[in-house]
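Within every chain, numbering begins at 1; the chains are lettered A, B, ... in the order of the sequence lines, protein sequences first and strands thereafter.
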Protein chains: 2
Amino acid sequence: MPRTGTEPARRQALINAAIDMIGENGSTEVTVKEIATRAGMSSALAFHYFGGKDEIIFETMRHLMRELGKSTIARLQKAETPLARLDAVIASSFEGDQFSRTTIAAWLVFYMRALSSDASARLLTIYTRRLRSNILHALRQLCVSREAENIEQGLSAMIDGLYIRHGLRPQGPNADEAIHTCRDFLDRQLASERIE
Amino acid sequence: MPRTGTEPARRQALINAAIDMIGENGSTEVTVKEIATRAGMSSALAFHYFGGKDEIIFETMRHLMRELGKSTIARLQKAETPLARLDAVIASSFEGDQFSRTTIAAWLVFYMRALSSDASARLLTIYTRRLRSNILHALRQLCVSREAENIEQGLSAMIDGLYIRHGLRPQGPNADEAIHTCRDFLDRQLASERIE
DNA sequence: CCATTTTTATTGACTGATCAGTCAATCAAT
DNA sequence: ATTGATTGACTGATCAGTCAATAAAAATGG
C-alpha cells in the first residue's frame, strides 16, 4: 500500500472525516474505524496520530471553533462602524460552511460534551466569552452599558437558537431569514432604547 | 427478592431514571443497566417492559414533551389577554423542573436524536409546531400577521437559546433573567411595531 | 374459604456483536 | 541504517438483548 500523506495532512483529513460522520450519523456514536475509513486510512493510523477517540473529537471541536473564529475576525476587520461590527458577528455565524447540517450537528455534539467533559466545557467558555466580548464592545458604543448587557444576552441566545433550529429542521429558518431576524431584533432594541 | 411494582410504576421509574442518568452523564452513552439500577431493578426487567434501549429513550423524550405541554396548557388557561398568553408560554419553558440541568441535558439529547431518528424528528416537529401555534395565535391579536411570523421566529429561537445556555453554563442566564429578556424582546418588538 | 391454574413480576446467567486501543511487522523515504 | 508511515490481526471490555427459571399475585373452580 503506498504512502499517501504526512502527519498534518492526515490529522486534518481525520478531523474533516469526523465532522462528516458526526453530521451524517447525528451523534457521537461514531466509531474510530468509520472516521478513519472515511479519511482514507486504517483505524490504527488514527490512533497513532491522535492517541485516542477523545482526542479526535476534542481536536475536531477545536477546529470548528477556530474556523468560526477566523471567519468572524475576517469580517470584523472589514467593518468600520459598531453596527457593522454587530452585523459581522451575526453574519459569520450563519455563513456557508458554518451553517450546514453537518457542522451544526457537530456543534450540538460539542454542546453535549461540554456537559460531561471539563476540557470541552472550557473550550465552550472561551467561545462564548469571545462572542460576548465582540458583541458587547460594539453595543457599548450604541447604548448605555447596562442595556448593552441585556441586549447581548438576547442576541447571543437568538443566534444560538436560530442556528440550532436551522440544523434540526429543513423547513427551519435559512441564513437570510436568520440574519434578518437578528438584525431586526437589534434595530428595534436600539431604537426603543433611544426613545427612553 | 420481593415484588415491588406494577408495569406503569416501573415504566415511570425507568423514565425518571433515564432523565437522571442522561443529565448526570451528559450524553446518550448511558447503559440500560445503569438506568435500570438507578430505577431499582435489573436490566432484564427494563428490556421486558420497554423492548429495547431505543424505546426507553424515545418514551423518555415523549414524557419530557408531555410534561412541558401540560405545564404550558395549565398556564395558558389562567391567562386572559394575548400578552398574558405569551407570558404563559415563556414562563412554562423556564419553570422549575423544565429548567434544571438534567432536563436540559435530556432535551439536548433529544435534539441530537432528531438528527438521526425519524421518529424523534417527528416528535420534535410536533413540539415545535405547538409552540409556534401558541405564540402565533397570541401575536396575531397584537400585530399584523406578517410581523407576527417574524416575531415568532425570533422569540422561539430566543427561548431555545436561553434554555440551552442556562443548561450549559452555571454562570448562564437564570430563569428570571431569561423571562425578562424574552419579555423585553416582545415589548420592544411590539412597541416599534405600533409606531410604524 | 381453600386448592389449583394462570398470569405477571423478576432476575442471574448467558451470548454475540461491537469497539477502543495495541502491536509486531512491513514498506517507503531520507 | 534510521526514521516515519501504515496496516492486519489481535485482545479485553463493554453492552444490548435473550432465556429459562423462580416467586408472587390474581383468577378460577369447588
Side-chain angles (χ1 to χ4, degrees), chain A residues 1-61 106 109-110 112-113 116-117 119-120, chain B residues 1-61 106 109-110 112-113 116-117 119-120:
Chain A
M1 217 61 71
R3 162 189 238 166
T4 52
T6 66
E7 171 150 3
R10 297 244 108 151
R11 284 177 66 102
Q12 192 54 53
L14 282 165
I15 286 173
N16 292 143
I19 294 174
D20 286 353
M21 293 309 297
I22 290 171
E24 274 177 30
N25 196 302
S27 84
T28 0
E29 272 145 52
V30 190
T31 68
V32 174
K33 189 163 186 211
E34 283 167 339
I35 295 172
T37 302
R38 167 68 66 104
M41 70 195 82
S42 73
S43 67
L45 196 55
F47 282 106
H48 176 66
Y49 282 133
F50 277 96
K53 188 182 177 179
D54 277 356
E55 281 91 333
I56 298 177
I57 305 291
F58 187 74
E59 289 303 319
T60 303
M61 300 310 169
V109 169
F110 188 12
M112 295 250 22
R113 283 178 63 88
S116 52
S117 146
S120 297
Chain B
M1 219 58 74
R3 162 189 240 164
T4 51
T6 67
E7 170 148 4
R10 299 244 108 151
R11 282 176 69 102
Q12 192 54 55
L14 282 165
I15 288 172
N16 291 143
I19 295 174
D20 285 353
M21 294 310 297
I22 290 171
E24 274 176 31
N25 197 302
S27 86
T28 0
E29 273 146 50
V30 188
T31 68
V32 175
K33 192 166 185 205
E34 282 168 338
I35 295 173
T37 302
R38 167 67 67 105
M41 71 196 81
S42 73
S43 68
L45 196 55
F47 282 106
H48 176 66
Y49 282 132
F50 278 96
K53 187 182 179 179
D54 277 356
E55 282 91 335
I56 297 177
I57 305 292
F58 187 74
E59 289 304 318
T60 302
M61 299 310 170
V109 169
F110 189 11
M112 294 250 22
R113 282 178 63 88
S116 53
S117 147
S120 297

- Item | Partners meeting side chain to side chain donor-acceptor pair (under 3.5 Å) with B/Glu24 (sequence neighbours left out) | B/Arg38

Starting from [atom2] on [N], measure out to [atom1] on [X] and report it in whole angstrom.
X: A/Leu45; N: D/dA9; atom1: CG; atom2: P; result: 17 Å
X: A/His48; N: D/dT6; atom1: NE2; atom2: C1'; result: 9 Å
X: B/Arg11; N: C/dA9; atom1: CZ; atom2: P; result: 12 Å

- Passes side-chain contact (heavy atoms from CB on, under 4.5 Å), A/Phe50 versus A/Ile15? Steps please. CA-CA 10 Å; A/Phe50 277 96; A/Ile15 286 173; 4.1 Å; yes

All N/O contacts under 3.5 Å from nucleotides 19-26 of chain C to the protein, with atom names and distances to one decimal?
unit_1, atom_1, unit_2, atom_2, d
C/dA20, OP1, A/Lys53, NZ, 3.0
C/dA20, OP2, A/Val32, N, 3.1
C/dG21, OP2, A/Lys53, N, 2.8

- Query: With side chains defined as the heavy atoms from C-beta onward, is the minimum distance between B/Ile57 and B/Ile22 less than 4.5 Å?
  - Reply: yes

- Query: Do B/Lys53 and B/Ile35 touch side chain to side chain, with heavy atoms closer than 4.5 Å?
  - Reply: no

- Selection from C/dT11, D/dT6, C/dT10 that lies nearest to any side-chain heavy atom of A/Arg10: D/dT6

- Using a heavy-atom cut-off of under 4.0 Å over every strand shown, decide if B/Phe50 touches base, sugar-phosphate, or nothing. nothing

- Can you name the residues that form a ring pair (Phe, Tyr, Trp, His ring centres under 6.0 Å) with A/Phe110, not counting sequence neighbours? A/Trp107

- Is A/Tyr49 near enough to D/dA5 that one of its side-chain N or O atoms lies under 4.0 angstrom from OP1 or OP2? yes

- Decide side-chain contact (heavy atoms from CB on, under 4.5 Å) for B/Thr28 and A/Glu29; before the verdict, give the C-alpha distance in whole Å, the side-chain angles of both, and the deciding distance to 0.1 Å. CA-CA 9 Å; B/Thr28 0; A/Glu29 272 145 52; 3.8 Å; yes

